[in-house]
Number of protein chains: 2
Amino acid sequence: MSLSDLFGGDPFVPAQQVRIEPIQQRSTARLSGLLDAAATVVDEVGFDRITTAMVAERAGASIGTVYRYYPDRVAVLQALRERAVLRFRHRVSEQLKISAAKNWWDTVDVAITAFVDLYRSEPGFRIMHFSDREGASSVEDPESGFFARRVAAMLVEEFGLAGGDELILRLEVAVEMGDSILSRAFRIDPQGDERFIVECRVVTHDYLAGYYGPNVR
Amino acid sequence: MSLSDLFGGDPFVPAQQVRIEPIQQRSTARLSGLLDAAATVVDEVGFDRITTAMVAERAGASIGTVYRYYPDRVAVLQALRERAVLRFRHRVSEQLKISAAKNWWDTVDVAITAFVDLYRSEPGFRIMHFSDREGASSVEDPESGFFARRVAAMLVEEFGLAGGDELILRLEVAVEMGDSILSRAFRIDPQGDERFIVECRVVTHDYLAGYYGPNVR
DNA sequence: TGCTCACCGAGCGGAACTCGATCATAGGAC
DNA sequence: GTCCTATGATCGAGTTCCGCTCGGTGAGCA
């Protein structure tokens, strides 16, 4: 498994993203258009105030079209989140190709930078912090830890870190920490409070380095 | 400012908790009953699916009664959250009295334990992770950092830590990290995945100790 | 016996969501 | 190239459900 493989590859099959897979060309445009609309509306009014009518109008579509693709309101939000995750991974993949990472820390740092950049440029990116809610039923979240597992496999292969459940757990913790601190950075300041961003890098680095050393490989 | 002061004292004035202050006795019972009902419903169906009708029915009250006390649906959730915060602070205060903390780490550890205990025993306690959402408007959240500021003042006074914005920032980061990791611990396992709880203590301790040393005072 | 507090629940407005009618497109027949 | 048609895609009026109001009724206090 290579770097680009890890972050770029598709193997992220949305559980229930759309009701009906688009067949004609215009519908794929519609689909992304709906998500674009949802993204800007989220930035404008927030998660809770968003209505399906707003999304439809913004996308130049009718209510019915929204429900053709998504079973309900929250499904739209979830789809938006999945797209954001995909774009994040894609961005990381690109950056890793440009500036080849020399060690595990470079990789993590690139990921943090990508996250910050997308937070700044991508409408509705704060949807990323829209994870656990939905206490509805005790359904296992297939995404939970998925990302950490893939990164772990990659780090083991690329940089020879000691793998296993230990590494996966720590990466999951690191992801959780990083996400929360960065979200805090952007909670008030739309450009992101630099102090928190710096602190995120420090914390993540120190936490992982504490177990695997700053210069492994 | 003393420990019990910090965590126990009232000085947490809810912005807009209730519409009408209860005058007769039965109404205070109603109020807490409504919140109890909201708490169990939150555990059952989640934040988004909760309806005012559910809360009313569960509390053995009518719709109108809910709205007598709370201006709208989210106000009920906010009130529930405020009560949870209050109970958390109260619990910490009690525990600090029982086992007098000898240093800053004892204090933090007690807080983490209290958080975990309440997560396990208190219905709807995961409402605690219901903080930032409400991206609606760029209204400054007065709560953001409030807790960290108070804890900082207390640590400076009790244990002689170097204070200032530096300490406040770090405590805010620590609170954010701790909350997210603990929430992750309980995301799937209702008893809390012990691995994440342990990791939360380690991370919080190492992070703060890295700047102030493990044995200050 | 009044007077205020507390409670109820039918009803209103608006948002989520459905469904049959209508339009657009791909792709085969010629 | 041009029809033609099956089916995908879109629309939006209508239904249902939910948040919230308000006038009427019961419960506690003086």
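First the proteins, then the strands, lettered A, B, ... as listed; each starts at 1.
Distances shorter than 4.0 Å separate some side-chain N or O of B:Tyr67 from OP1 or OP2 on D:dC20. Contact annotation: A:Thr52 reaches the phosphate of C:dA16 (side-chain N/O to OP1 or OP2, under 4.0 Å). For D:dC11, one of the phosphate oxygens OP1 or OP2 lies less than 4.0 angstrom from a side-chain nitrogen or oxygen of A:Arg30.
The residues B:Arg184 and B:Asp193 are annotated as not salt-bridged, no charged nitrogen and carboxylate oxygen being separated by less than 4.0 angstrom. A salt bridge links B:Arg83 to B:Asp36: at least one charged side-chain nitrogen sits closer than 4.0 Å to a carboxylate oxygen.
A perpendicular orientation is assigned to the rings of A:Phe88 and A:Phe115, their planes being inclined by more than 60° (bins at 30° and 60°). Ring geometry, A:Phe186 versus A:Tyr119: the interplanar angle falls under 30°, so the pair is classed parallel (tilted spans 30 to 60°).
For the 3.5 Å distance criterion, the side chains of A:Tyr207 and B:Glu199 qualify, holding a donor opposite an acceptor.
Rounded to whole Å, the distance from CZ on B:Arg49 to C1' on D:dC18 is 14 Å. The separation between A:Leu34 atom CG and C:dC17 atom C1' is 15 Å, rounded to whole Å. A:Leu31 has its CG atom 13 Å from the C1' atom of D:dG8, to the nearest Å. Straight-line distance from the CD atom of B:Glu57 to the C1' atom of C:dG9: 14 Å, rounded to whole Å. Rounded to a whole Å, the CD1 atom of A:Ile50 is 13 Å from the P atom of C:dA15.
When each of A:Gly64 and A:Thr51 is assigned the nucleotide of DNA chain C bearing its nearest heavy atom, the one mapping closer to the 5' terminus is A:Thr51. When the nearest nucleotides of DNA chain D are assigned to A:Ile63 and B:Met54 by heavy-atom distance, the more 5′-ward of the two goes with A:Ile63.
Distances from the side chain of B:Thr65 to the nucleotides D:dC20, C:dC7, D:dC11 place C:dC7 closest. Nearest nucleotide to the side chain of A:Tyr69, out of C:dC7, D:dA9, C:dA16: D:dA9. Closest to the A:Ala61 side chain, of the nucleotides D:dC11, C:dC17, C:dA6, is D:dC11. Listed nucleotides D:dT21, C:dC17, D:dG12 differ in distance to A:Asp72; the shortest reach to its side chain belongs to C:dC17.
With rounding to the nearest 0.5 Å, the separation of OG1 in A:Thr107 from CG in A:Leu96 is 5.5 Å.
Annotation: the terminal axes of the helix from C:dT1-D:dA30 to C:dC30-D:dG1 meet at 10°, where each axis is the rotation carrying the C1' atoms of four end pairs onto the next four (5 pairs per end, rounded to 10°).
Taking all atoms of both residues into account, the shortest heavy-atom contact from B:Met54 to B:Val45 is SD-CG2, 4.2 Å.
Within 4.0 Å of A:Arg68, counting heavy atoms only, lies at least one base atom of the nucleic acid.
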